[in-house]
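Structure record follows, encoded as structure tokens.
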Amino acid sequence: AQSVTQLGSHVSVSEGALVLLRCNYSSSVPPYLFWYVQYPNQGLQLLLKYTSAATLVKGINGFEAEFKKSETSFHLTKPSAHMRDAAEYFCAVTHTGANSKLTFGKGITLSVRP
Amino acid sequence: DTAVSQTPKYLVTQMGNDKSIKCEQNLGHDTMYWYKQDSKKFLKIMFSYNNKELIINETVPNRFSPKSPDKAHLNLHINSLELGDSAVYFCASSQIAVTRETQYFGPGTRLLVL
């Protein structure tokens, strides 16, 4: 079984501040990990993914995430928040085994204050 | 050019009615998915098709029936709609049926059952 935990439901930062969105996973086999972003009234869009290559993954819009096996974490960061980053962020996990599927966390809302 | 499109965007209907949602992708992908996002924004997979064949069928009431006439289309028919079916339904596609592949999401269909 696999699962993702995103602690908290809402993070608020000031424009220009560091963004840190936490994701911890549980998987009995080596995982593949994803961060998706959902802007208001839109579908999900991939920010970045870890597929067992480099543990530090760079994505779109200045976001990056680091896979830490010892901590079972895949936290998302961005050095300087912009107003346009306000959205819902979902961490997701899957694996290559039979019957694998993408399992999402409950999401976290990022607000950016001017 | 919209990569993954869904119709309708909004659907308001009465309990007990039957309704369909259509999805089309122009990415040339082999695999398509239906997800349900509830009022708390939790996303869960419902079905997945690969080259018109059903490969994932989660625990979903049999009032929900997907149909894939060709690999570019995946429709969702819902019989005898219930209040609890109110949600946002997302269609997605990926190049192949390997879950580490990026999934591309449609804009969603917001279903409200009264």
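Here is the naming used below: chain letters follow the sequence lines, and residue numbers restart at 1 for every chain. These numbers come from the heavy atoms of this one structure, side chains and all, not from hydrogens, waters or symmetry mates.
- Between the CD1 atom of A:Ile108 and the CG atom of A:Leu110 there is a distance of 8.0 Å, given to the nearest 0.5 Å.
- Interface with chain B: from residues 37-44 of chain A, residues A:Gln38, A:Asn41, A:Gln42, A:Gly43, A:Leu44 qualify, criterion being any non-hydrogen pair under 4.5 Å.
- Annotation: B:Phe64 is not in aromatic contact with B:Phe47 [ring centroid separation under 6.0 Å not met].
- Ring to ring, B:Tyr35 and A:Phe104 are close: their centroids are under 6.0 angstrom apart.
- For chain A, the nearby part of B:Ile45 is the side chain; its heavy atoms alone come within less than 4.5 Å.
- Within the 4.5 angstrom heavy-atom criterion, only side-chain atoms of A:Tyr32, from C-beta onward, approach chain B.
- Between B:Phe105 and B:Phe90, the ring planes lie perpendicular to each other; the angle is over 60°, past the 30° to 60° tilted range.
- Heavy atoms of A:Tyr50 lying under 4.5 Å from chain B are absent altogether.
- In the model, B:His73 has a side-chain atom that pairs as donor or acceptor with a side-chain atom of B:Asp70 under 3.5 Å.
- Heavy-atom distances place no part of B:Tyr33 under 4.5 Å from chain A, backbone and side chain included.
- Dense packing is recorded around CD of B:Glu58, with more than 12 heavy atoms of other residues, nucleotides or ligands lying under 6.0 Å away.
- For a residue to count as touching a neighbouring chain, one of its non-hydrogen atoms must lie under 4.5 Å from one of that chain's; by this rule B:Lys40 touches chain A with the backbone only.
- No side-chain donor-acceptor contact under 3.5 Å links A:Thr72 to the backbone of A:Lys69.
- The choice from A:Leu102, A:Leu33, A:Thr51 that makes the most heavy-atom pairs within less than 4.5 Å of chain B is A:Leu102.
- Of the possible donor and acceptor atoms, none in the side chain of A:Gln6 sits under 3.5 Å from a partner among the backbone N and O of A:Ser9.
- Considering A:Lys49, A:Lys58, A:Lys78 as possible partners of A:Glu64, the one that fulfils the salt bridge (charged side-chain N to carboxylate O under 4.0 Å, His left out) test is A:Lys58.
- The parts of B:Gln103 that come within reach of chain A are both its backbone and its side chain, each placing non-hydrogen atoms under 4.5 angstrom from that chain.
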